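What follows is a short report on a single structure.
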Amino acid sequence: MTQQSPGKKPPSQKGKATSQKPELGVSLPSVLTVKQMADLLGITPIEAIKQLMRRGIMASVNQAVNYDDAAAIATDLGRTPVLKREEEKEKEKEKETPAPKQPPVSKKAAKAQKPRPPVVTVLGHVDHGKTSLLDAIRHSNVADKEAGAITQHIGAYQVTVDGKEITFIDTPGHEAFTAMRARGASVTDIAILVVAADDGIMPQTLEAIDHVRAANVPIIVAINKMDKPNADAERVKKQLGEQNLIIEEWGGEVLAIPVSAKKREGISTLLEHILIVAELAELKANPDLPAKGIVLEAKLDNTKGMLATLLVQDGTLKAGDIVVVENRHWGKVKAMFSDKGKRVKSSGPSTPVEIMGLSEVPQAGDAFTVAASEHEARLIIEKLQAQQQVRKAKSTTLTDISSQIRAGETKAVNLILKADVQGSIEPIKNSLERLQNNEIKVRIVHSGSGNITESDVMLAVASNAIIIGFNSRVEPRVKRLADSEGVEMRNYQIIYRIIEDMEKTVTGMLEPTYVDVTEGHAEVRALFKVKSAVVAGCYVMDGKVTSTSKARVIRKGKLLHESNVNSLRHFKDHVKEMGAGSECGISIEGFADFVIGDILEFYRKEKQ
Ligand code: GDP
């Protein structure tokens with residue numbers, strides 16, 4: 001996969017990396033947009049913006065540049081610019097095919113959408129310098145502009161670069177990133193992948209890449225620790241290439257910026273490039289709407305009470321607003337503080353803000369909205385609770401996916417593949433990918449060796465994936481998490497079985513298999529006639545019997561009858577369950593010929 005800008009895909013890189021001799025002359029109009037300039041010069045919009053920056057011009061893709069500037073850049077690139085004559089332009093206009101229609105947006109709504117700062121998350125392998133980089137960014141920026149106003153730790157902070165803001169999420173790592181996504185919150189616009197230049201790509205780097213790709217978020221690579229004597233940026237670039245992250249200088253679209261968080265070098269270049277990627281994404285929000293967004297963190301303060309950091313994603317949050325958190329609780333914003341600890345009255349899109357006034361502790365990743373009144377807050381909560389009931393019923397299993405494929409409702413199977421050893425992964429991956437056809441895709445969202453981890457489970461939730469383990473271990477707490485999140489984990493010992501099950505899934509033929517789980521045994525000790533039925537007076541010897549159990553009647557070791565418990569009574573009362581050591585009356589569907597001494601075996605069918 002090559003990196004794509006979030007909103008738009010830059011045009012193919014004409015003229016780059018081809019053996020043909022590029023045409024030298026280029027005809028440029030008197031005024032043109034940066035994108036048009038890039039197209040005419042056969043470079044990517046990112047490259048065009050960079051070239052302009054080198055000449056001290058900050059312009060976004062859709063901004064206009066004049067002929068002189070465009071010509072200067074053409075010359076820098078070894079081209080010979082000529083001014084395009086007006087009539088030529090007219091002719092070309094006629095020939096131009098109409099631009100694809102944008103989805104209809106009412107004029108009013110489009111006008112209300114304003115550019116918003118990008119929200120950036122930092123990910124990468126442990127000890128590669130994520131925290132140091134976040135610190136370096138925070139200090140490099142605040143120190144010169146607002147001496148003394150060091151940011152508070154509120155879970156996110158903003159820096160200003162050339163008058164434009166960038167918001168950084170202050171919890172590095174893909175676990176937090178994916179945990180938020182698993183809860184339905186997509187917070188990040190751009191991911192910074194930190195790779196230490198002396199260490200190169202490591203297992204958690206690979207994991208981070210997969211997590212970011214699953215979220216479809218553009219990546220900028222920060223090659224950190226460049227100050228170290230054994231730093232080797234070229235090796236990192238090569239390793240990135242092996243992961244299909246082709247850097248720009250090699251004809252790809254991934255920006256890789258060498259930095260040293262320790263020496264605070266390369267930070268401003270990194271920030272400028274974040275702005276370039278953000279420009280291309282054309283991130284917008286409407287500051288005139290009531291706010292909605294995500295809770296980033298919350299804490300209890302001795303003097304201020306409950307403090308919650310919210311990231312406003314759309315609209316503007318104002319002091320006095322009624323904030324509704326998920327489907328649980330609401331509170332009035334009593335006071336708001338910026339990341340610099342300043343009291344603020346309002347907070348616009350992409351801005352983190354700490355608020356006082358919530359009554360309960362929200363969780364990171366909770367969504368919030370603003371209600372017009374307390375009555376509306378209650379209505380919102382009721383509606384969301386009803387929606388959650390529906391969502392809860394939807395856990396995905398491989399057999400569900402198979403029947404969805406059969407019904408034509410799904411066209412993809414998302415898998416996370418974990419194997420005990422690295423060597424098993426490639427053959428399984430290849431065989432699985434071979435199963436896909438024109439209709440149905442098999443996507444390996446992430447693969448790796450070792451145990452199935454909590455991070456795998458959260459990625460599965462976020463990507464609606466099934467976890468396939470090949471001789472992989474699962475710790476009980478991970479199993480519990482998977483159960484509570486409704487994630488199916490299938491562990492296999494034979495590769496052939498994985499392929500067989502996946503083949504059935506892709507063709508919509510995988511049926512659930514059931515196993516009998518024994519619940520308990522009882523001995524028949526007396527017989528009663530109740531109306532026309534025969535009730536066996538039983539003693540439960542082990543386990544339990546329930547009113548919904550399936551039952552087998554066994555006499556002298558031979559199975560006589562198999563059906564369901566019809567009724568279960570304790571004296572005269574109908575009961576749901578009786579445990580070992582108790583006496584009860586049991587009737588069995590379709591069977592009346594009990595003999596004292598018969599053994600009843602109870603079991604249930606469980607989906608495997
Ligand atoms: P994290 O686990 O990715 O958050 O990594 P940290 O930011 O905690 O950094 C891990 C170690 O690397 C610390 O000892 C840092 O001082 C060191 N470190 C981080 N950035 C740099 C750098 O640019 N150069 C050098 N030499 N060391 C760094």
Side-chain angles (χ1 to χ4, degrees), residues 119-144 150-159 161 166-181 187-188 190-213 215 217 219-237 239-240 243 245 247 254-274 296-297 309 339 352 364 446 448 450 453-455 458-459:
V119 179
V120 180
T121 299
V122 175
L123 312 101
H125 193 72
V126 65
D127 278 349
H128 278 198
K130 299 179 291 293
T131 316
S132 310
L133 185 65
L134 279 164
D135 278 353
I137 292 168
R138 182 180 4 224
H139 286 94
S140 67
N141 188 267
V142 175
D144 6 317
I150 298 297
T151 48
Q152 315 264 320
H153 178 89
I154 66 163
Y157 65 84
Q158 279 193 320
V159 295
V161 183
I166 305 173
T167 305
F168 285 89
I169 303 291
D170 215 355
T171 321
H174 58 264
E175 291 82 2
F177 172 85
T178 301
M180 291 246 185
R181 274 208 332 115
V187 174
T188 307
I190 298 168
I192 305 292
L193 182 71
V194 179
V195 186
D198 59 337
D199 206 17
I201 288 190
M202 297 302 280
Q204 285 169 20
T205 323
L206 294 175
E207 233 175 87
I209 293 171
D210 286 344
H211 282 236
V212 173
R213 276 181 174 155
V217 166
I219 300 177
I220 298 177
V221 181
I223 306 182
N224 190 30
K225 306 200 186 183
M226 287 304 290
D227 58 287
K228 284 200 150 184
N230 53 345
D232 187 351
E234 290 310 303
R235 182 173 66 127
V236 175
K237 290 175 190 172
Q239 291 174 332
L240 289 169
Q243 300 306 319
L245 290 174
I247 59 161
V254 176
L255 300 171
I257 321 291
V259 297
S260 164
K262 188 175 174 184
K263 298 243 151 108
R264 308 220 162 134
E265 282 165 7
I267 307 295
S268 53
T269 314
L270 177 65
L271 295 176
E272 278 158 15
H273 284 83
I274 292 174
L296 292 179
E297 60 177 51
T309 301
D339 58 331
H446 171 62
T453 63
E454 279 156 329
S455 166
M458 294 324 272
L459 182 60

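Every heavy atom of this structure was used, including side-chain atoms; hydrogens, water molecules and symmetry mates were not. Each ligand, and each atom within it, is numbered from 1 in the order the structure gives. Count residues from 1 along the sequence. Computed from a predicted model, the values in this text were never measured in an experiment.
Contacts of Phe177 classified as ring pair (Phe, Tyr, Trp, His ring centres under 6.0 Å), with partners at least two apart in sequence or in another chain: none.
Within 4.0 Å of ligand 1, protein heavy atoms come from His125, Val126, Asp127, His128, Gly129, Lys130, Thr131, Ser132, Asn224, Lys225, Asp227, Lys228, Ser260, Ala261, Lys262.
Between Asp198 and Lys228 there is a salt bridge, since at least one side-chain N of the basic residue sits less than 4.0 Å from a carboxylate O of the acidic one. Of the charged side-chain nitrogens involved, at least one lies within less than 4.0 Å of a carboxylate oxygen, so that Arg138 and Asp170 count as a salt-bridged pair.
Residue Ile190 comes nearest to Ile274 through the heavy atom pair CD1-O, 3.7 Å, listed as atom of the first residue, atom of the second, then distance. The two residues Ile247 and Ala256 come nearest to each other via the heavy atoms CG2-CB, 3.7 Å.
Classified by interplanar angle (parallel below 30°, tilted 30° to 60°, perpendicular above 60°), the ring pair His174/His211 is tilted.
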